[in-house]
Amino acid sequence: MAISQIISLFLLHLLLPLASISLSQSSHQLMCEVGTGNGGSIGGISWLPASLSKLLIKGGTVVNAHRQERGYVYVEDGIIVAVKPNIKVGDEVMVLDATGMPRGIDPHTHLDAEFMGTVAVDDFFSGQAAALAGGTTMHIDFVHPVNGSLMSGFEAYEKKASKSCMDYGFHMVIRHWDESVSKEMEIMVKENGINSFKFFMVYKGTFMVDDKVLLRGMKRCKSLGALAMVHAENGDAVFEGQKRMIELGITVPEGHALSRPPMLEAEATMRAIRLASFMNTPLYVVHVMCIDAMEEIAKARKTGEPVVSGLVLDDSKLWDPDFITAAKYVMSPPIRESGHNKALQAALSTGVLHLVGTGHCTFSSSQKAFGIDDFRKIPNGVNGKMQKRFLYFNFLLDPQHSYIHTRKQVCTHIELKQHMSFQTIFVSICCHVSVTCSARIFNIYPRKGAILVGSDADIIIFNELRNKSKISSFENQYECIRSFEQFLIQSVQPFYLDQYISRFSIDLINSIDQSSHVSRTLGKVEVTISRGRIVWKDDELKVAPGSGKYIPMPPFGFLFDGIEKTDAKLISSFKAPVHRFKSDV
């Protein structure tokens with residue numbers, strides 16, 4: 001496979017190399033008070049009645065996808081008002097001294113999701129809190145219809161999201177087709193701010209749609225200016241593969257991967273691409289996990305989104321003799337054998353692939369144990385909302401792991417200068433793949449995805465130079481499933497593993513003694529700022545449930561540019577109908 005020919009889109013979140021951060025004493029005192037709500041505390045989370053309206057970040061490198069520059073960022077009421085080399089402010093303005101500013105959007109999550117007879121452990125507070133601790137300031141979740149109704153599904157997810165603590169948007173899942181679905185899709189787009197619809201080509205008997213539904217859905221998406229998304233695996237073939245494994249007596253977790261090999265992901269990807277091309281509408285392929293599917297996306301120049309687990313893991317843990325260890329790696333499409341992940345890393349590093357998601361969907365060990373006698377009953381899903389930034393930094397920003405060797409391979413959107421170092425160039429690429437490209441695809445740029453005047457003040461301060469990257473973690477009332485645990489212990493230390501936030505309490509976990517494994521520093525998110533509010537600082541969450549905000553996403557993003565001309569050109573190429581004369585018989 002020629003990696004240079006793979007043209008796809010990914011979503012992973014930015015890790016920016018920064019120097020140390022310092023806060024003045026007065027600023028520190030103010031930062032500890034920032035939050036929302038009516039005052040008080042919940043489970044150790046503290047907040048005051050109102051958030052500060054004015055904030056100056058100075059001494060930093062302002063990082064956008066197209067360039068980097070030293071400068072000051074001034075924020076009022078959650079909006080960036082000025083980005084200049086030097087800004088003077090009065091005593092009423094809170095001042096942060098920093099050395100760099102990235103931020104992140106995760107376009108693929110499943111919080112509080114009902115799936116395979118159970119509900120994901122992370123809800124809209126615990127999952128979002130983990131994201132804020134990891135430097136992500138917005139995510140897009142998937143809404144499922146309720147009793148066939150898109151509107152009922154939207155209302156149900158509005159209730160789920162009532163406890164949110166960060167910005168979020170929604171995709172909508174389509175599971176069947178009739179006239180009411182078509183009408184409700186229009187309502188979702190025009191009134192509810194949804195500009196993307198997902199179609200499952202797998203999970204036969206539950207989520208799976210056939211080609212007829214997929215074609216009708218794509219046609220409707222095109223007319224509404226909404227992006228069609230697919231989970232691409234051949235559902236009928238997977239169903240047969242599962243039956244084969246059971247007949248062979250392979251009921252354990254490795255049967256999951258064996259029943260749905262890369263060829264089935266590639267076939268469905270190819271089919272979806274051909275149907276989208278036939279309809280002449282943009283297509284977004286979620287969680288691309290294998291070389292085979294990536295090659296299909298490359299040939300068609302469509303939008304593909306692998307997930308972080310597919311970038312950094314291989315399938316070896318699915319063969320672990322301990323059931324719980326193996327089961328926590330079960331997701332769909334499955335994590336592939338070694339080699340696929342390296343190809344995805346190379347494609348992302350060289351700018352061939354553009355963004356990466358997490359697919360964050362977490363289940364406890366007791367939930368995973370539903371499939372102890374039948375892998376088909378293991379809830380599919382892994383974590384990643386907090387870890388992705390550090391994993392990305394390790395594999396892509398570090399020259400020892402990165403595949404970028406020459407500036408000719410760098411994305412053309414960056415303003416290159418002769419003196420730019422490898423690290424400087426790659427930081428801009430990181431910004432593009434972590435946030436800007438996602439914001440553009442889902443048509444919320446430049447409100448999101450940039451540090452520009454008028455943009456939302458979504459900023460993180462990330463310190464690369466910390467000797468120990470201590471991340472305060474959240475202890476869940478359920479046993480935590482962490483599919484990256486063994487990988488992190490062996491490969492990219494030091495790192496303090498996260499657990500998920502309990503609805504009732506937040507505690508720091510004890511650090512794991514990793515002295516014998518330390519190889520390098522991953523850095524640390526010092527401060528996360530969302531719409532001008534400091535929401536994470538000093539290893540503490542500083543927001544309350546209900547402080548999040550829904551972000552509507554308008555239709556007809558840039559992927560729809562030129563479609564009318566393409567349609568006209570196609571029609572003109574038909575050279576039909578031919579004008580004929582009826583002859584007398």
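Everything numeric in this text was worked out from a predicted model, so none of it was measured. All residue numbers in this chain count up from 1 along the given sequence.
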Engineer: Do you know which two heavy atoms are closest between Ser438 and Pro107, and how far apart they sit?
Structural biologist: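 Reported closest heavy-atom pair: OG-CB, 3.8 Å.
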
Engineer: Hey, what's the ring geometry for Phe124 with Tyr168, parallel, tilted or perpendicular (30° and 60° as the breaks)?
Structural biologist: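 Aromatic pair Phe124/Tyr168 classed perpendicular.
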
Engineer: Between Phe115 and His144, does the ring centroid distance fall short of 6.0 Å?
Structural biologist: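 Centroid separation for Phe115 and His144: 6.0 Å or greater.
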
Engineer: For the side chain of Asn195 and the backbone of Phe442, is there at least one donor-acceptor N/O pair under 3.5 Å apart?
Structural biologist: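 Such a contact is found between Asn195 side chain and Phe442 backbone.
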
Engineer: For Asp167, run the side-chain hydrogen bond (donor to acceptor under 3.5 Å, both in side chains) check against Lys549, Gln128, Lys448, His139 and tell me which one passes.
Structural biologist: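 Exactly one option meets the side-chain hydrogen bond (donor to acceptor under 3.5 Å, both in side chains) with Asp167, and it is Lys448.
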
Engineer: Which value, rounded to the nearest 0.5 Å, describes the distance between Lys537 atom NZ and Leu96 atom CG?
Structural biologist: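 Separation between the atoms: 8.5 Å.
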
Engineer: Taking the ring centre of each residue, are Tyr550 and Phe170 less than 6.0 Å apart?
Structural biologist: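 Aromatic pair counts; centres sit under 6.0 Å.
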
Engineer: Would a 4.5 Å heavy-atom cut-off, applied to side chains only, mark Val83 and Tyr72 as touching?
Structural biologist: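 No, side chains not in contact.
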
Engineer: Quick one: are Phe199 and Cys221 in side-chain contact, heavy atoms under 4.5 Å?
Structural biologist: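 Yes. Closest side-chain heavy atoms under 4.5 Å.
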
Engineer: To the nearest 0.5 Å, what is the distance between CD1 on Ile451 and OG1 on Thr436?
Structural biologist: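 That separation rounds to 9.0 Å.
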
Engineer: Given side chains that start at C-beta, do those of Leu452 and Tyr445 come closer than 4.5 Å, heavy atoms only?
Structural biologist: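 Yes, their side chains come closer than 4.5 Å.
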
Engineer: Quick one: does Met151's side chain get under 4.5 Å of Asn192's, heavy atoms only?
Structural biologist: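 Sidechains of Asn192 and Met151: in contact.
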
Engineer: Any idea which heavy atoms bring Met172 and Leu150 closest together, and the distance?
Structural biologist: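 Looks like CE-O, 3.5 Å.
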
Engineer: Checking Ser152 side chain against Ser149 main chain: does a donor-acceptor pair fall under 3.5 Å?
Structural biologist: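 Answer holds: no.
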
Engineer: Kindly compute the distance separating OG (Ser182) from CD1 (Ile187), expressed to the nearest 0.5 Å.
Structural biologist: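 Answer for the OG-CD1 pair, Ser182 versus Ile187, is 10.5 Å.
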
Engineer: Kindly indicate whether the side chain of Ile529, heavy atoms from C-beta on, has any atom under 4.5 Å from the side chain of Ile460.
Structural biologist: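 When only atoms from C-beta onward are counted, Ile460 and Ile529 do not touch, as no gap falls below 4.5 Å.
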
Engineer: Within the side chain of Asn443, is there an N or O that forms a donor-acceptor pair under 3.5 Å with the backbone of Met553?
Structural biologist: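 Here the side-chain-to-backbone pair does not exist.
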
Engineer: State, yes or no, whether a side-chain contact exists between Pro85 and Glu69 at a heavy-atom distance under 4.5 Å.
Structural biologist: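 Not touching, per the 4.5 Å side-chain cut-off.
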
Engineer: Kindly indicate whether the side chain of Phe142, heavy atoms from C-beta on, has any atom under 4.5 Å from the side chain of Met229.
Structural biologist: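 They are in contact (side-chain heavy atoms under 4.5 Å apart), so the answer is yes.
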
Engineer: Knowing that exactly one of Asp106, Asp122, Asn383 qualifies, which makes a side-chain hydrogen bond (donor to acceptor under 3.5 Å, both in side chains) with His360?
Structural biologist: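 Checked Asp106, Asp122, Asn383 against His360; only one passes side-chain hydrogen bond (donor to acceptor under 3.5 Å, both in side chains): Asp122.
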
Engineer: Using the salt bridge (Lys or Arg N to Asp or Glu O under 4.0 Å) rule, take Arg447 and Asp456 through it: C-alpha gap first, then chi angles, then the decisive distance, then the call.
Structural biologist: CA-CA 6 Å; Arg447 177 183 180 182; Asp456 285 356; 3.0 Å; yes

Engineer: If we ignore hydrogens and angles and just use 3.5 Å, is the side chain of Thr528 paired with the main-chain N or O of Leu132 as donor and acceptor?
Structural biologist: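 Yes, the answer is positive, given that a donor and an acceptor are paired below the 3.5 Å cut-off.
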
Engineer: Measure the CZ-CE distance between Phe197 and Met218 for me, rounded to the nearest 0.5 Å.
Structural biologist: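 If we round to the nearest 0.5 Å, Phe197:CZ and Met218:CE are 14.0 Å apart.
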
Engineer: Give a yes or no on this: more than 12 heavy atoms of other residues, nucleotides or ligands lie within 6.0 Å of atom CZ of Arg440.
Structural biologist: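 No, because the 6.0 Å sphere around CZ of Arg440 holds 12 heavy atoms or fewer from other groups.
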
Engineer: Under the salt bridge (Lys or Arg N to Asp or Glu O under 4.0 Å) criterion, do Lys160 and Asp123 qualify, and how do the steps go?
Structural biologist: CA-CA 8 Å; Lys160 290 175 184 279; Asp123 59 24; over 6 Å; no

Engineer: Could you tell me whether Lys84 sits above the aromatic face of Tyr74, with NZ or CZ closer than 6.0 angstrom to the six-membered ring centre and within 45 degrees of the axis?
Structural biologist: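 Judged by the rule, Lys84 and Tyr74 form no cation-pi pair.
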
Engineer: Under 3.5 Å, side chain of Asp141 to main-chain N/O of Leu111, donor-acceptor pair present?
Structural biologist: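 Yes; at least one donor-acceptor contact below 3.5 Å.
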
Engineer: Are the side chain of Glu305 and the backbone of Val285 linked by a donor-acceptor contact shorter than 3.5 Å?
Structural biologist: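 Flag not set: sc Glu305 to bb Val285 has no pair under 3.5 Å.
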
Engineer: Please answer whether the main-chain N or O of Arg220 pairs with a side-chain N or O of Ser223 as donor and acceptor at a distance below 3.5 Å.
Structural biologist: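 Side chain of Ser223 to backbone of Arg220, a donor-acceptor pair under 3.5 Å: yes, one is there.
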
Engineer: Can you check whether Leu224 reaches Glu186 side chain to side chain, under 4.5 Å on heavy atoms?
Structural biologist: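 Heavy-atom side-chain distance check passes, below 4.5 Å.
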
Engineer: Got a second to check how far Lys542's NZ is from Ser530's OG, nearest 0.5 Å?
Structural biologist: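 Answer rounded to 0.5 Å: 15.0 Å.
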
